[in-house]
Amino acid sequence: MSFQQAAARAGANIALVKYWGKRDQRLNLPAAGSISITLAGLETRTTVTPDPVLGADEFLLDGVEQPPGRVGAVLDLIRERAGETAACRVESRNNFPTGAGLASSASGFAALAVAASRAFGLELSDSELSGLARRGSGSAARSIFGGFVEMDAGTLDSGADAVAHRLLPAEDWPLEVVVAITDSGSKAVGSRDGMNHTMRTSPYYPAWVETVADDLDAARSAIASRDFEMLAQTAEHSALKMHASMLAARPGLVYWNPATLACLHAVRALRSAGTGVFFTIDAGPQVKAVCLPGESERVAALLGEQPGVHDVLVTGLGAGAAQVPAR
Ligand code: DP6
């Protein structure tokens, strides 16, 4: 038996080309690829303590006991690989509101994959960690890496090639990110249920999946050539097209509130006036504004003034998931 307490941190990420829909539910394989940026300031810290005396896994999120659910499922995969059976106590803390469309599952499962694999003595490659994190949440596969990251849909039935890789380190294009919080409660319909509902009922879903490849090509080349305007147009198109697919579901999913829309228009007005900024919106009401270096202060001031905006967070691009000393 070889196990010990281990801890890890991982940053949240926001997709510029969105992941919305799966090709396999059991292995959690995405229907298409996606491209994201990993954030510096929004992170999860997770400590995994294997304890053979425990009868079952225990999971605490921000100090509150939760059913182990998908956390237990990822632990099972890691235990199986390590040939171990000990149940674990998992303590996870986010430094941002959980469940409000700020991708807490992405940083959470990336931190869990790193901490739990170290706790059971496994030395896994980033690619293997990405595959494990994906089993918890598709977007988590991307948070293993820092900076600009691409997730591959893969073609293998096993899912072995459905992993992320880094496109560009954060320091090579240090974009800034402003998050406008328009609602700090938990979202009504989580990403997983929302995407499955869209797949089942939206006539726009096939068109969404068919057009992701073009957006990936455009975003990849915009990132390689640091073409902000091309990235802005591609990312806004991907976000709006994803929301169009949800709006066309039955019943339609409407994640936006009036403040979401006010921020979207404010960002577009700023860009028309020459500020390097674009918006993206996930399965929730918050607006994330991605800006050229040096522009975040002006963008944060404007978004903070929009009616219904409760709070504004400013951050930059950050590193991938990593083990940290257990406290
Ligand atoms: C809108 O990764 O939460 O944030 O794989 O079912 O856990 P599951 O879904 P999840 O979905 C994220 C959806 C999104 C877009 C994105 O991050 O690419």
Side-chain angles (χ1 to χ4, degrees), residues 12-37 69-71 73-74 98-110 130-143 149-155 157 159 161-164 183 185-216 219 234-257 260 279-288:
N13 73 73
I14 52 179
L16 306 182
V17 175
K18 302 295 185 191
Y19 149 53
W20 195 249
K22 303 177 198 283
R23 67 180 172 94
D24 183 295
Q25 298 283 340
R26 190 179 67 84
L27 297 171
N28 203 28
L29 305 177
S34 55
I35 288 180
S36 61
I37 45 180
R70 286 193 254 164
V71 167
V74 171
T98 300
L102 287 180
S104 58
S105 66
S107 49
F109 283 109
S130 180
L132 275 173
R134 186 201 74 232
R135 297 291 292 269
S137 213
S139 53
R142 301 184 308 236
S143 274
V149 180
E150 177 163 7
M151 173 74 191
D152 294 320
T155 53
D157 288 344
D161 55 351
V163 294
D183 183 350
S186 279
K187 56 190 161 185
V189 181
S191 299
R192 179 159 299 188
D193 290 346
M195 74 174 78
N196 287 335
H197 177 66
T198 305
M199 283 171 68
R200 277 195 305 269
T201 66
S202 175
Y204 294 178
Y205 179 73
W208 157 258
V209 173
E210 273 166 33
T211 57
V212 175
D214 286 348
D215 298 337
L216 291 171
T234 307
E236 289 190 355
H237 175 62
S238 176
L240 292 175
K241 193 165 49 173
M242 176 183 76
H243 281 274
S245 77
M246 304 175 186
L247 288 166
R250 271 180 177 233
L253 290 171
V254 186
Y255 283 105
W256 301 0
N257 61 35
T260 313
F279 66 79
T280 186
I281 306 167
D282 290 309
Q286 328 303 1
V287 176
K288 290 96 175 198

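Every heavy atom of this structure was used, including side-chain atoms; hydrogens, water molecules and symmetry mates were not.
S143 and A106 get closest at one heavy-atom pair: CB-O, 3.8 Å. Across all their heavy atoms, D152 and D161 have their closest contact at CB-O, 3.8 Å. For the pair Y19 and R142, the tightest heavy-atom approach, listed with the atom from each and the gap, is CB-NH1, 3.8 Å. Closest approach of A239 to T280, counting heavy atoms only: CB-OG1, 3.6 Å. Counting all heavy atoms, side chain and backbone alike, D183 lies closest to P285 at CB-CG, 3.7 Å. Scanning all heavy atoms of the two residues, the minimum distance from G21 to M199 falls at CA-SD, 3.8 Å.
Between the NE2 atom of H197 and the OH atom of Y205 there is a distance of 13.5 Å, given to the nearest 0.5 Å. Note that the CG atom of L16 and the OG atom of S36 stand 7.0 Å from one another [nearest 0.5 Å]. Going from atom CG of N28 over to atom OG of S139 covers 9.0 Å, rounded to the nearest 0.5 Å. For the atom pair OG of S191 and NZ of K18, the computed distance is 10.0 Å after rounding to the nearest 0.5 Å. From S202, atom OG reaches atom CZ of R250 across 10.5 Å, with rounding to the nearest 0.5 Å. Atoms CG and OG, on N13 and S34 in that order, are 8.0 Å from each other to the nearest 0.5 Å.
In terms of modelled atom types and a separation under 3.5 Å, the side chain of E236 and the main chain of F279 share a donor-acceptor contact. Remark: the backbone N or O of G154 is paired with a side-chain donor or acceptor of R23 at under 3.5 angstrom. The closest donor-acceptor contact from the side chain of S245 to the backbone of M242 lies under 3.5 Å. At distances below 3.5 Å, at least one donor-acceptor pair connects side-chain atoms of R134 with backbone N or O atoms of A162.
Residues R135 and L27 form a side-chain contact, since some pair of their non-hydrogen atoms from C-beta on lies under 4.5 Å apart. The closest side-chain heavy-atom distance from L253 to L247 is not below 4.5 Å. The side-chain heavy atoms of I281 and K288, taken from C-beta on, include no pair separated by under 4.5 Å. In this structure the side chain of S238 reaches within 4.5 angstrom of the side chain of W208, judged on heavy atoms.
A salt bridge links D215 to K241: one of the charged nitrogens lies within less than 4.0 Å of a carboxylate oxygen.
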Stepwise side chain to side chain donor-acceptor pair (under 3.5 Å) test for D214 and T211
CA-CA 6 Å; D214 286 348; T211 57; over 6 Å; no
Is there a side-chain contact (heavy atoms from CB on, under 4.5 Å) between I37 and I14 once you walk through the steps?
CA-CA 6 Å; I37 45 180; I14 52 179; 3.6 Å; yes
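Ring orientation note: the planes of H243 and Y255 are nearly perpendicular, at an angle over 60° on the 30°/60° scale.
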